[in-house]
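A short write-up of the structure that comes next.
Every chain is numbered from 1 and lettered A, B, ... according to where its sequence line falls, protein lines coming before strand lines. What you see is a predicted model; the values in this text were computed from it and never measured.
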Amino acid sequence: MEIVAVIDFETTGLSPAQGDRATEIAAVLLENGKVVDRYQSLMNAGVRIPSYIETLTGISDAMIRKAPKAAAVMQEVSDFVGDYPLVAHNASFDSKFWDAELAHIDRVRPQQFACSLLLSRRLFPQAPSHRLGALVEYANLPVAGRAHRALADAEMAASLFVKLIGELGQRYEVHEVSHALLCKIQRAPKHQLNQCIQRHRQEESGH
DNA sequence: TGCCAGGCCCTCTTTAGGGCCTT
């Protein structure tokens, strides 16, 4: 498939609409199932980190004070990602923060997100949990580092994403999985994946 | 003062409720 960018944010909470800000961003570029480039940075948005968040992520106020400004980091990472299609685990979360942080620098996201959580629910419905760490364990994927740090989570989401594409290719004999197809599959009713893929094939071939 | 996310997905559903997932 085309090059995609898998991203992961660490933040001060769950909702930019409630004033939460990003504290760390990572993006990895995937080409032919391999990570070919990486970006990672802490980012200083001038906000305090709640203690339970520091416990969760290991990211402290002291670390953030020394980090580059959020605006500079977002300019760098959005340049790094360009218009490659995006992927995240629970993309509804990361897309909210991506859009909110881009808005602070007057940029607008041009591309769509695919979601490895929605895809996992469809392709691995039997998994005991669809949390990123649990899926990595379930699929026997390598642990990339400390969970709840952006680069480790982005690397693990990337390897999960590669696994999902492989599964899709095998199970449904889709030889060229596109980001556009994934965006359709992740919205399709679980019992209609086959129909969704057939319809996509027909649209692609112009019938 | 009191409140505080929101989208997905299942089910004892659809005139709704609650768990999962992200930090």
Q: Is it possible for you to say whether A:Met156 and A:Leu160 belong to one hydrophobic cluster, with membership spreading through side-chain heavy-atom contacts below 4.5 Å?
A: yes

Q. How far apart are the closest heavy atoms of A:Leu102 and A:Ser78, and which atoms are they?
A. CD2-CB, 3.8 Å

**Q.** Pairwise C1' distance for B:dT13 and B:dC9, with rounding to whole Å
**A.** 12 Å

Q: Write out all pairs satisfying side chain to side chain donor-acceptor pair (under 3.5 Å) with one or both partners inside residues 58-71 of chain A, taking only residues at least two apart or from two chains.
A: A:Arg48-A:Asp61

(Q) Please give me the minimum heavy-atom distance between A:Ala26 and A:Ala154, naming the atom from each residue. (A) CB-CB, 4.1 Å

Q: Using the P atoms only, state how far B:dC20 lies from B:dT1, rounded to an integer number of Å.
A: 35 Å

Q | Start and end of the DNA chain B segment that chain A contacts, any atom under 4.0 Å from a heavy atom | A | B:dC4 to B:dT23

Q: Taking only heavy atoms on the protein side, list every residue of residues 51-72 of chain A lying under 4.0 Å from any atom of DNA chain B, sorted numerically.
A: A:Ile53, A:Leu56, A:Thr57

Q: May I ask you to decide if the ring planes of A:Phe80 and A:Tyr39 are parallel, tilted or perpendicular, using 30° and 60° as cut-offs?
A: tilted

Q: Please work out which residues in residues 4-13 of chain A have a non-hydrogen atom less than 4.0 Å from an atom of DNA chain B and list them by number.
A: A:Asp8, A:Phe9, A:Glu10, A:Thr11, A:Gly13

Q) Residues two or more places apart in sequence or in another chain: which of them pass side-chain hydrogen bond (donor to acceptor under 3.5 Å, both in side chains) with A:Tyr172? A) none

Q) Hey, are A:Gln126 and A:Tyr138 close enough side-chain-wise for a donor-acceptor pair under 3.5 Å? A) yes

Q) Going by number, which of residues 151-158 of chain A have a non-hydrogen atom under 4.0 Å from DNA chain B? A) A:Asp153

Exercise answer: donor-acceptor pairs, residues 3-11 of chain A side-chain atoms, under 3.5 Å, sequence neighbours excluded:
from	atom 1	to	atom 2	distance (Å)
A:Thr11	OG1	A:Gly13	N	3.2
A:Thr11	OG1	A:Gly13	O	2.4

(Q) Looking at every heavy atom in both A:His104 and A:Ala100, which two are closest together, and how far apart are they? (A) CD2-O, 3.1 Å

**Q.** Nearest-Å distance once atom C1' is located in both B:dG18 and B:dG2
**A.** 23 Å

Q) Does any pair with a residue in residues 150-167 of chain A pass side chain to side chain donor-acceptor pair (under 3.5 Å), and if so which ones, sequence neighbours excluded? A) A:Arg38-A:Glu155, A:Glu167-A:Arg171

Q | Close approaches to DNA chain B from residues 81-98 of chain A, in residue order (heavy atom, under 4.0 Å) | A | A:His89, A:Asn90, A:Phe93, A:Lys96

For residues 177-185 of chain A, tabulate all N or O donor-acceptor pairs below 3.5 Å that involve a side-chain atom, not counting sequence neighbours.
from	atom 1	to	atom 2	distance (Å)
A:Ser178	OG	A:Leu181	N	3.1
A:His179	NE2	A:Leu86	O	2.7
A:His179	NE2	A:Ala114	N	3.4
A:Lys184	NZ	A:His200	ND1	3.0
A:Lys184	NZ	A:Glu203	OE1	2.8

Q: Give me the residues of residues 101-111 of chain A where at least one heavy atom lies under 4.0 Å from an atom of DNA chain B, by number, or none.
A: none

(Q) Between B:dC8 and B:dC3, how many Å separate the two C1' atoms, rounded to a whole number? (A) 24 Å

(Q) For residues 87-105 of chain A, which residue pairs pass the salt bridge (Lys or Arg N to Asp or Glu O under 4.0 Å) check, not counting sequence neighbours? (A) A:Arg21-A:Glu101, A:Asp99-A:Arg109

Q) What's the shortest heavy-atom distance between A:Ser95 and A:Ser92, and which atoms? A) OG-O, 3.4 Å

Q) Is there a donor-acceptor contact under 3.5 Å linking the side chains of A:Ser116 and A:His89? A) yes

